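Everything on this sheet refers to the single structure shown next.
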Amino acid sequence: MSVQWSWDRAFEALPVLLDGFKITLIATVLGFLISVILGLVIALIRQAAPRWVSVPVRAVSEFTRLTPLVVQLLFVYYTFTGLSPLQIGVVVLGIHYSTYMAEVYRAGIEAVPVGQWEAARALSIAPTRTWRAIILPQAIRRVVPALGNYAVSMFKDTPFLFAITVVEMVTAAQQFGARHFQYLEPLTLAGVIFLVASYPTSLLIRRLERRLAR
């Protein structure tokens, strides 16, 4: 039996998908803010803290980065029952992606020329000021495009939140399809919305990368 496209059903599904898109966007933006801040903290600890601090942080970071996001979502969901599913999704997304952000920051820090460190020491600049005024501005400038790419990846990973009952856009499309016994229109529209939201962002990141490379 062939499945035919129905514009009426597509227009009926669109408001439902846009409501789900709001949840997707909230989870992405808040999760990204957590990840960029926590990722920088992790990177600084691994680069500058004593070994008795940096080694455990590195171990936890590697464990988080190398275990599946869905497993982490389910573990936190069934462990911390006092939080709402969306809150859990935002926090877990942020923590999971902070481990990737930390690697990006670390690469940016290590790319700063050694001469910058030597000049700061020769001028007797305090270590905290060296990091704040010399090293981090250069490192962050180098890694902005990579951070943006991970933001797009996080956006595309938000459908995993279905595992903890968060009704983001893809789950909203599936629920609409189940009610109407027709999945073609809602799932197609969900894919189009993802494309429309992600592609301009990717172009912006690519343009920013070329501009920062000058």
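Just so it is clear, the structure is predicted and the values come from calculations on it, not from any experiment.
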Taking all non-hydrogen atoms of both residues into account, name the closest pair between Q138 and P113 and its distance.
-> OE1-CD, 4.3 Å
Please confirm whether the backbone N or O of G20 pairs with a side-chain atom of T24, one donor and one acceptor, at under 3.5 Å?
-> yes
Test V143 against L147 for side-chain contact (heavy atoms from CB on, under 4.5 Å), laying out the working first.
-> CA-CA 6 Å; V143 302; L147 297 179; 4.1 Å; yes
Tell me, with the steps shown, if T171 and E168 meet side-chain hydrogen bond (donor to acceptor under 3.5 Å, both in side chains).
-> CA-CA 5 Å; T171 302; E168 38 65 53; 2.3 Å; yes
Residues passing the salt bridge (charged side-chain N to carboxylate O under 4.0 Å, His left out) test with R65, sequence neighbours excluded, are E62
Counting N and O atoms only, with roles assigned by atom type, does the side chain of Q72 sit under 3.5 Å from a partner on the main chain of T64, one being a donor and the other an acceptor?
-> yes
Matching residue for P85 among V166, V167, V90 - test: side-chain contact (heavy atoms from CB on, under 4.5 Å) | V166
Calculate, to the nearest 0.5 Å, the distance between atoms CZ and OG belonging to R129 and S124 respectively.
-> 11.5 Å
With a 4.0 Å cut-off, would you call R179 and E12 a salt bridge?
-> no
Provide the closest heavy-atom pair for A172 versus L17 in the form atom of the first, atom of the second, distance.
-> C-CD2, 4.2 Å
Starting at CD of Q182, measure out to CH2 of W5 and round the result to the nearest 0.5 Å.
-> 9.0 Å
To the nearest 0.5 angstrom, please state how far the CD1 atom of I26 sits from the OG1 atom of T158.
-> 11.5 Å
Would you say the side-chain atoms of S61 pair up with the backbone N or O of R58, donor to acceptor, closer than 3.5 Å?
-> no
I42/R106 under side-chain contact (heavy atoms from CB on, under 4.5 Å): CA gap, chis, key distance, verdict | CA-CA 9 Å; I42 294 171; R106 188 172 64 85; over 6 Å; no
CD1 of I88 to CG of L161: how many Å apart, nearest 0.5 Å?
-> 10.5 Å
Would you give the length of the straight line joining atom CD of Q87 to atom CG of L30, rounded to the nearest 0.5 angstrom?
-> 10.5 Å
Chi angles and distances behind the side-chain contact (heavy atoms from CB on, under 4.5 Å) call for D157, T28 = CA-CA 9 Å; D157 276 351; T28 302; over 6 Å; no
Closest non-hydrogen atom pair between R46 and S54, with its separation | CA-CB, 4.0 Å
Applying side-chain contact (heavy atoms from CB on, under 4.5 Å), run through I45 and V53 and close with a yes or a no.
-> CA-CA 7 Å; I45 290 174; V53 177; 3.8 Å; yes
Is E103 reaching over with its side chain to a backbone N or O of T99, donor-acceptor style, under 3.5 angstrom?
-> no
Assess whether atom CZ of F160 is packed by more than 12 heavy atoms of other residues, nucleotides or ligands within 6.0 Å.
-> no
Backbone N/O of F32 and side chain of S35: donor-acceptor pair under 3.5 Å | yes
For Q116 and I134, the nearest pair of non-hydrogen atoms, with its separation, is OE1-CG2, 3.7 Å
Aromatic contact, F194 with F21 (centres under 6.0 Å) | no
Pairs meeting criterion ring-ring contact (aromatic ring centres under 6.0 Å, His included) with involvement of residues 86-139, two or more places apart = H96-Y100, Y97-Y100, Y100-Y150, W117-W131
Atom pair CD1/CG of I164 and L86 - distance to nearest 0.5 Å = 8.0 Å
Could you tell me which residues satisfy salt bridge (charged side-chain N to carboxylate O under 4.0 Å, His left out) with E185, sequence neighbours excluded, listed by chain and number?
-> R9
